[in-house]
Amino acid sequence: MTPTAPMPTVLMTGFEPFGGDDHNPSGDVARRLGELGHPDAHIVSEVLPVSFAQAPALLAAAIDRHQPDIVIMLGLAADRQAITPERVALNLADARIPDNDGAQPTDAPLEPHGPAARFTLLPVKQIAHAIDAAGIPAAVSLSAGTYVCNAQMYIALGIAEQRTGANGKPLQVGFIHVPATPQLGGDPRFTLDELERGIRIAITTIVDQRP
Ligand code: PCA
């Protein structure tokens, strides 16, 4: 970003708790960033239900409402030991557990005529490197899985494809999974403050890398 460029608007999403947990750090971090702001970007945040049926439409509505330049979606990946920017979203819903509406799709395409996969529009290697260099474990993840987070990433990237043309300003979209906090049985290093610090670094990296 050049010094004279206006601050980009970042839509930051996270999720409500799911799978019996009483909180979800992805929603907590998104909410915090929306409240506290960030020096490099105008942040708006939304916490979405863990619902195959509802989350994509709510995300699309939030994009329409806020007209962001960048969409950074967060989700919890409780079995990971790092902050993991996602490289690929698959055209597949295959839920290990029911979502918060009780839906459990298996072996189902998200868009019957859509491409098999969509690739992130975020600089995932630079993001992982910058977070890791600040002392918070981070690594690029190949796949966002086959649950609601993957569905949200796939659909958001589809919205971005339609925006990059004459009809709208380009939209830079990607997804970052965060690990479980100590309250959820995760590594003691992954406090909410540390996850927030990591995501703040991700925002700075994305804004700095913008063409
Ligand atoms: N993680 C789930 C869905 C909501 C969340 O925070 C996932 O990884 O798909």
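Since this is a predicted model, take the numbers as computed values, not measurements. Counting starts at 1 for both ligands and their atoms, following the listed order.
- For the pair Arg197 (side chain) and Ile136 (backbone), a donor-acceptor distance under 3.5 Å is absent.
- Residues Ile159 and Val173 have side chains not in contact (no heavy-atom distance under 4.5 Å, counting atoms from C-beta outward).
- The nearest protein atom to atom 7 (C) of ligand 1, hydrogens excluded, is given as Cys149 SG, 2.8 Å; this is a heavy-atom distance.
- Taking every non-hydrogen atom of Tyr147 and a distance limit under 4.0 Å, the qualifying atoms of ligand 1 come out as 2 (C), 3 (C), 7 (C), 9 (O).
- Of all atoms in ligand 1, numbered sequentially from 1 with element shown, those under 4.0 Å from a heavy atom of His177 are 7 (C), 8 (O).
- Using a distance-only test at 3.5 Å, with no hydrogens or angles considered, a donor-acceptor pair links the side chain of Asp99 to the main chain of Asp101.
- Atoms of ligand 1 lying under 4.0 Å from any heavy atom of Gly75, numbered from 1 in the order shown and given with element: 6 (O).
- Near Asn24, the atoms of ligand 1 lying under 4.0 angstrom from a non-hydrogen atom of the residue are 5 (C), 6 (O).
- When non-hydrogen atoms are compared, ligand 1 lies under 4.0 Å from the backbone of Leu76 as well as from its side chain.
- Here the side chains of Phe190 and Leu195 are in contact, with some heavy-atom distance below 4.5 Å.
- Remark: His129 NE2 is loosely packed, at most 12 non-hydrogen atoms of other residues, nucleotides or ligands lying under 6.0 Å away.
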